[in-house]
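The structure displayed is predicted, hence computed values, not measured ones.
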There are 2 protein chains.
Amino acid sequence: MSMPVAVRKMNEARALEALFSKGIMSRADIARVLELTRSTASSIVASLISEGQVQEVSADNSDREQKTGRPGISLRLNPDYAFYLGADVGAKDLRLCVLDFAGTLRAEVTHRFDKPNPSSEVVSARLAEMVEKACADLPDQAAVKGLNVAIPGIVDLTGDILRAPPLNWRKVPFREQLAKAMGEMPVHKLINDANAFAVAQLRRPDLIDTQDAVFLLMDDGVGGCILSGGRLLEGTTGLAAEIGHMPIGTKGHCNLTGIHGAFENYVSRPAILAHYANLGRQATSLTAFLAALDQGDAAAQKVLSVWTQDFARGLAILTTLLNPARIVIGGRVAEMARRTEGDLLGALRDHLLEETPPPVLELTGTSGEGPAVGAAMTLHHQHFAQFGPLGSGRPELLGADHSA
Amino acid sequence: MSMPVAVRKMNEARALEALFSKGIMSRADIARVLELTRSTASSIVASLISEGQVQEVSADNSDREQKTGRPGISLRLNPDYAFYLGADVGAKDLRLCVLDFAGTLRAEVTHRFDKPNPSSEVVSARLAEMVEKACADLPDQAAVKGLNVAIPGIVDLTGDILRAPPLNWRKVPFREQLAKAMGEMPVHKLINDANAFAVAQLRRPDLIDTQDAVFLLMDDGVGGCILSGGRLLEGTTGLAAEIGHMPIGTKGHCNLTGIHGAFENYVSRPAILAHYANLGRQATSLTAFLAALDQGDAAAQKVLSVWTQDFARGLAILTTLLNPARIVIGGRVAEMARRTEGDLLGALRDHLLEETPPPVLELTGTSGEGPAVGAAMTLHHQHFAQFGPLGSGRPELLGADHSA
DNA sequence: ATATGTTTGTTTTGCAACCAAACAAAATAG
DNA sequence: CTATTTTGTTTGGTTGCAAAACAAACATAT
């Protein structure tokens, strides 16, 4: 691509990104944000409008910031310009989300399997049905750009699954099967669910300026994703941010991965239940454990107290190495953190130097659509970053795979 | 800066960077590497030559790669275009290095203090003398661009020292003192010594393409630096990569920082000596300990064996989170790793998933000029990256010049 | 010696994107 | 109604890069 054209594409991408984060802007606003002249901004907007990506919208002039001067013409992303599908394969259910060009969730369907741990063929077939039904409701079938699928496992570079313990899948050529079942619909990639969750979070409008953060998805395992300097940390082979596998000690309450002392052997759901069992009590699910905890069960409180210490030490390692502004914690196990109140932050502080500011600890809602939304959001982001601010993302942005 | 000018500056920086890593190139070589036409490359080279940054050099046509066609005119960086000074303040000695524009070490002086732990005033005065003497030997005084100083401690954003335990300094306004003592010579910044060491390593020509690596400097403490996706990992407040402080356990052999279980409490020089002392033996220095080890002392071997396990676990945490291609280990304590032979790598592997490739472990020489060279190299790199390959700079690079 | 082929480096022409400045339009304040 | 402010558009100018043609330098074959 010739030089000037590359610059133009980049500025168009920056304009789209600005519109995505602010929602509504005038041409003059765009000029200010991108530090271009109004004339250039106008030219860029004209291109985007002619392609249908952006549209003028009848202004709501009632509550303007600016009281004087000619009011700007409001611009926004054309929501119907494109749609992105994202799915999340769980052991018990299958979820499908549809995002529009503005990043809004337009549809969401969940299918609960008759019996858990379905085969990949069953998943492929069922997902194809769900996709067809979801697309039928959209205003423009041709605007659907494709499907990404989040998986609780490790995905290799070819898109085959290397390992998905919660599903009992090993070396399943899932993408190939999916592509066959989907017909015309392009299946872009399989993504680790923790990664997908992270993408959903980091594209939140309020986090758009966050340059350094850590995202944790805690359920049967602990998966994660690291945002560093505005980019996802991938590592040489795309296997970075295996947060659940980092050896924070030498033992642990269980042994999920074969790595003694791995973080998830201390703080994941199975670890919590195993620890509780070691104290002579039984809980069949995290929900049951939390109920016991809330009723003041002493053993459960002991488990929470130890969990807080171990979790804080893991967070301290992350903070010491990465100095993130924020750590976002999702998954069912986030409920544990919610019950530690100030203790967790206190324990974290105890492990840090005075000079190190502790990150903001944020617990997300547990509605659980994170990974599916994230899978779709990955496609969305890919379009926006196509020629975008260099360094913020090649199409290969999310090659990493981490088990959760 | 107008758009085309910004692009030009960037291409000039890319050309300089290419020349730095390859040493000698023709205009056609530059055109190929930068993916520009020969005419554009010629134009860029002409600018650089007129500024004196690059020079043509009488070709040595005896052993050309290319046997046919017109031979190119060899180009190289003009070594005397600029000089960069770098110093390293230690408890026992003070070191000064001079790098030229081509990155070659042109001079090196070490001063040993009469008594250890000098005051900041003493260091400032002595360093000023050394700088004056070193500059006198250079071909062009005006080409000296400034001085950076590496410090074994934490530096805040204003450039004052927050803490330097090995020197017994606390909240010393060192940069201000230095600037006063240096007169005309600009003192650009104070840098943590481990960071400086890392910069010296990552600018090595053979590592120029490495995108993900970890650098460890192990002496009285453990400092580090993380290269991720080709950029130094800084974190929100610039305090990332405090590798020595990450809590890998709950105890440790000593307590250097007040953080129980910090990595350096297990594997730094004081930790090794403390552990040895706990086994009822004495060693006054690491050298003495290594001598005992080499003579087959059983307690020393026990210490090494435990050290290997602890160190491996720390490396496993780094590998799990960052997936680096290489971990470079410097400082005197690197000698310990040298004596573990295969055990260290084996222990590291035990902590990793099968899928995770262990990084190359590299032990650098222990001549100890790393931090001083790195401090100077930081200045060198600053010039080269001034408008450099986008991503190392700011994204608002391509707009109008609002600075005027 | 001469011709041929290959690669380098330069020159010329054209283009795309941006900026600066001037201008027209749409609102508010007095 | 006029002055002021801000928006959006238009025009002219600048800049760096690409494409293509050309000149130069060397190796090799005849």
Side-chain angles (χ1 to χ4, degrees), chain A residues 1-15 24-50 54-75 387, chain B residues 1-15 24-50 54-75 387 390 396-404:
Chain A
M1 186 180 324
S2 69
M3 179 277 297
V5 175
V7 172
R8 177 53 162 258
K9 288 291 171 196
M10 179 178 127
N11 280 333
E12 286 182 6
R14 291 207 296 153
I24 282 194
M25 304 171 82
S26 70
R27 290 165 173 82
D29 290 334
I30 291 176
R32 274 185 293 265
V33 170
L34 304 196
E35 298 194 285
L36 300 168
T37 56
R38 290 198 306 278
S39 59
T40 305
S42 262
S43 157
I44 288 168
V45 167
S47 303
L48 294 175
I49 288 180
S50 80
V54 169
Q55 55 190 197
E56 295 188 349
V57 54
S58 55
D60 168 19
N61 287 348
S62 53
D63 51 347
R64 291 176 34 225
E65 184 100 352
Q66 201 71 49
K67 273 303 167 196
T68 147
R70 169 178 167 176
I73 303 168
S74 295
L75 301 168
F387 302 99
Chain B
M1 187 180 326
S2 69
M3 179 278 296
V5 174
V7 173
R8 176 54 162 255
K9 289 291 171 196
M10 178 180 121
N11 282 332
E12 288 182 5
R14 290 207 298 152
I24 283 194
M25 305 172 82
S26 70
R27 290 166 174 80
D29 290 334
I30 291 176
R32 275 186 291 265
V33 170
L34 304 196
E35 299 194 286
L36 299 169
T37 56
R38 290 198 304 281
S39 60
T40 305
S42 263
S43 155
I44 288 167
V45 167
S47 304
L48 294 174
I49 288 182
S50 79
V54 168
Q55 57 191 195
E56 295 189 349
V57 54
S58 54
D60 169 19
N61 287 350
S62 53
D63 51 345
R64 288 167 44 215
E65 184 98 354
Q66 199 73 46
K67 274 302 166 196
T68 144
R70 167 178 172 177
I73 303 167
S74 294
L75 301 168
F387 302 100
L390 307 210
E396 62 273 16
L397 182 63
L398 298 169
D401 187 358
H402 299 273
S403 65

* To do: Would you kindly give the CG-to-P distance between A:Leu36 and D:dG8, to the nearest whole Å?
  => 14 Å
* To do: To the nearest 0.5 angstrom, please state how far the CE atom of A:Met10 sits from the CG atom of A:Leu34.
  => 9.0 Å
* Could you state the CG-C1' distance from B:Asn11 to D:dT15, rounded to the nearest angstrom? -> 13 Å
* Hey, is the side chain of A:Arg8 pairing donor to acceptor with the base of C:dA17 inside 3.5 Å? -> no
* C:dA16 P sits how many Å from A:Ile44 CD1, rounded? -> 16 Å
* side-chain N/O A:Ser39 vs D:dT9 OP1/OP2, d < 4.0 Å -> no
* Do A:Arg70 side-chain and D:dT7 base share a donor-acceptor contact under 3.5 Å? -> yes
* Asked: Is the shortest side-chain N/O distance from A:Thr37 to OP1 or OP2 of C:dC19 below 4.0 Å?
  -> yes
* Asked: Between A:Arg32 and D:dG8, is there a side-chain N or O to OP1/OP2 distance below 4.0 Å?
  -> no
* **B:Ser42 vs C:dT10: side-chain N/O to OP1/OP2 distance below 4.0 Å** => yes
* Decide whether A:Arg8 and A:Asn11 meet the rule of one side-chain donor and one side-chain acceptor closer than 3.5 Å. => no
* Phosphate-side-chain proximity, B:Arg27 and C:dT7, N/O vs OP1/OP2 below 4.0 Å -> no
* Asked: Separation of B:Leu34 atom CG from D:dA18 atom C1', in whole Å?
  -> 15 Å
* Structure fact -> note: A:Glu12, atom CD; C:dA16, atom P; distance rounded to Å ~ 14 Å
* From OG (B:Ser43) to CD (B:Glu12), nearest 0.5 Å -> 8.0 Å
* When you get a sec, tell me which of C:dC18, D:dA18, C:dA26 is the closest nucleotide to the side chain of A:Thr40? => C:dC18
* **Atom-to-atom span, CE of A:Met10 to C1' of C:dC18 - whole angstrom** => 13 Å
* Structure fact -> Separation between CD1 (A:Ile30) and CE (A:Met25), nearest 0.5 Å, reads 5.5 Å
* Value rounded to 0.5 Å, distance of OG in A:Ser74 from CD in A:Gln55 -> 11.5 Å
* To do: Send over the distance from A:Ile49 CD1 to D:dT9 C1', rounded to a whole Å.
  => 14 Å
* To do: Take atom CD1 of A:Ile73 and atom P of C:dA26, then tell me their distance rounded to the nearest Å.
  => 9 Å
* Considering only heavy atoms and no angle criterion, is a donor-acceptor pair shorter than 3.5 Å present between the side chain of B:Arg38 and the base of C:dG9? -> yes
* Asked: So what does B:Ser26 touch, heavy atoms closer than 4.0 Å: a base, only the sugar-phosphate, or nothing?
  -> sugar-phosphate
